[in-house]
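Because the structure is a prediction, the values reported are computed rather than measured. Values reported hereafter were calculated over all heavy atoms of this structure, with side chains retained and with hydrogens, waters and symmetry mates removed.
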Amino acid sequence: SQKGNERKMHWRGRLWAMNRMVLTYILLFVLLVLLQVTVLNDISLFGYATPFLYIYFILRLPSLMSANWVMSIAFLMGLIVDIFSNTPGMNALAATTIAFMRKPVLALVLPRSDEAVSIVPSISSLGLSHFIGYSFLMVILFCVLIFVIEAFTFFSPLTLILRFSSSAVFTFLLVLAADCLKPGKK
């Protein structure tokens, strides 16, 4: 019947869109991890600033995705970066922590009416000011965590502040650039 065929086509279309989205996320995951471990980990601007672009993936996960899924994905991503960077658990801990903090940070920067809507955080979906607030807070949190874990001391607080602030600015600028360059953006 006509109605049955329409229903089948509707579900096929939705299934195709979902498979395409999952494939896009897998590709982005692999691309960002490879970029991080092969290129970005070797960059140390002025001896202090190291970019951590791979967290862009965590920032871009859908806002209503289960916290357990987000933290599991972030942990896996951080663990893979740790394995290839010889940084035992540092990236896994910092990435899992920012994954845990995503919803509260989004709630902080979004207007109350937008909290229940599932969005993929980006400049186009949040607007420039909200995306800047969200991504900057997340990048600062990640960089503070990664460098405090690495130093495991506050012995040289000036160096620690210089490293996390310069890395945060560098990472933040790369996140903004990546969001502006993503395919499919009009």
Side-chain angles (χ1 to χ4, degrees), residues 14 17-33 35-36 40 49-82 89-149 161 164-186:
R14 289 187 67 164
M18 194 186 293
N19 285 341
R20 199 170 133 230
M21 183 183 70
V22 169
L23 198 57
T24 302
Y25 275 109
I26 290 170
L27 186 64
L28 184 61
F29 181 102
V30 171
L31 178 73
L32 288 174
V33 168
L35 185 64
Q36 186 68 47
L40 299 176
T50 303
F52 298 101
L53 185 59
Y54 79 93
I55 67 170
Y56 177 65
F57 181 85
I58 300 163
L59 301 179
R60 291 270 305 164
L61 291 171
S63 62
L64 294 182
M65 180 181 262
S66 160
N68 290 336
W69 272 107
V70 174
M71 288 189 299
S72 297
I73 292 167
F75 176 79
L76 178 64
M77 191 173 219
L79 186 62
I80 293 169
V81 171
D82 281 332
M90 290 172 29
N91 286 283
L93 177 60
T96 305
T97 303
I98 67 164
F100 177 75
M101 294 302 295
R102 259 173 36 98
K103 282 196 181 183
V105 171
L106 273 170
L108 183 69
V109 299
L110 284 180
R112 292 282 176 224
S113 61
D114 292 344
E115 284 181 32
V117 178
S118 182
I119 54 172
V120 174
S122 68
I123 292 172
S124 59
S125 66
L126 296 179
L128 183 61
S129 62
H130 292 300
F131 184 73
I132 285 174
Y134 165 66
S135 59
F136 191 69
L137 286 172
M138 296 296 281
V139 167
I140 287 285
L141 177 61
F142 179 86
C143 288
V144 166
L145 284 168
I146 202 87
F147 289 114
V148 167
I149 294 166
I161 290 169
F164 86 70
S165 60
S166 61
S167 292
V169 169
F170 195 9
T171 301
F172 174 70
L173 292 174
L174 286 177
V175 164
L176 286 180
D179 199 67
C180 290
L181 295 175
K182 71 180 184 289
K185 185 171 164 96
K186 301 202 185 297

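Between I80 and L76, the closest side-chain pair of non-hydrogen atoms falls below 4.5 Å. Put simply, the side chain of W69 does not reach to within 4.5 Å of the side chain of P62, judged on heavy atoms. Contact check for F57 versus I73: side-chain heavy atoms found under the 4.5 Å cut-off. Taking the side chain as every heavy atom from C-beta outward, L176 and I132 approach each other to under 4.5 Å. Under the 4.5 Å side-chain criterion, counting only non-hydrogen atoms from C-beta, V105 is not in contact with L141. You'll find the side chain of S63 reaches within 4.5 Å of the side chain of I119, heavy atoms only.
More than 12 heavy atoms of other residues, nucleotides or ligands sit less than 6.0 Å from atom CZ of F29. Other residues, nucleotides and ligands contribute over 12 non-hydrogen atoms within 6.0 Å of the OH atom of Y25.
With H130 contributing its side chain and V109 its backbone, the two residues share a donor-acceptor pair below 3.5 Å. The closest donor-acceptor contact from the side chain of S167 to the backbone of C143 lies at 3.5 Å or more, if one exists at all. Between the side chain of D179 and the main chain of S122, no donor-acceptor pair closer than 3.5 Å is present.
Nearest heavy-atom pair across T171 and T50 is OG1-O, 3.8 Å. Residue I140 comes nearest to A168 through the heavy atom pair CD1-CB, 3.6 Å, listed as atom of the first residue, atom of the second, then distance. In terms of heavy atoms, A92 sits closest to D82 at N-OD2, 2.9 Å. Residue L53 comes nearest to A178 through the heavy atom pair CD1-CB, 4.2 Å, listed as atom of the first residue, atom of the second, then distance. Nearest heavy-atom pair across A99 and V70 is CB-CG1, 3.6 Å.
Note that the OG atom of S124 and the CZ atom of F131 stand 9.0 Å from one another [nearest 0.5 Å]. Annotation: the span from L137 atom CG to F172 atom CZ amounts to 9.5 Å, rounded to 0.5 Å. Here the CZ-CE distance, from F142 to M101, works out to 15.0 Å after rounding to the nearest 0.5 Å. R60 contributes atom CZ, which lies 11.5 Å from atom OG of S135 (distance to the nearest 0.5 angstrom). Interatomic distance, CG of N91 versus CD1 of I146, reported as 4.0 Å (0.5 Å rounding). Interatomic distance, L108 CG to K103 NZ, rounded to the nearest 0.5 Å: 15.5 Å.
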Go through the steps for L61 and R102 under the test side-chain contact (heavy atoms from CB on, under 4.5 Å), then give the verdict.
CA-CA 10 Å; L61 291 171; R102 259 173 36 98; 3.9 Å; yes
- Query: side-chain contact (heavy atoms from CB on, under 4.5 Å) between M138 and I55: does it pass, once the steps are laid out?
  - Reply: CA-CA 9 Å; M138 296 296 281; I55 67 170; 5.8 Å; no
inquiry  = Apply side-chain contact (heavy atoms from CB on, under 4.5 Å) to residues F170 and L40 and explain how you reach the verdict.
reply    = CA-CA 11 Å; F170 195 9; L40 299 176; over 6 Å; no
*Determine, stepwise, if the pair Y134 / L106 fulfils side-chain contact (heavy atoms from CB on, under 4.5 Å).*
CA-CA 6 Å; Y134 165 66; L106 273 170; 3.6 Å; yes
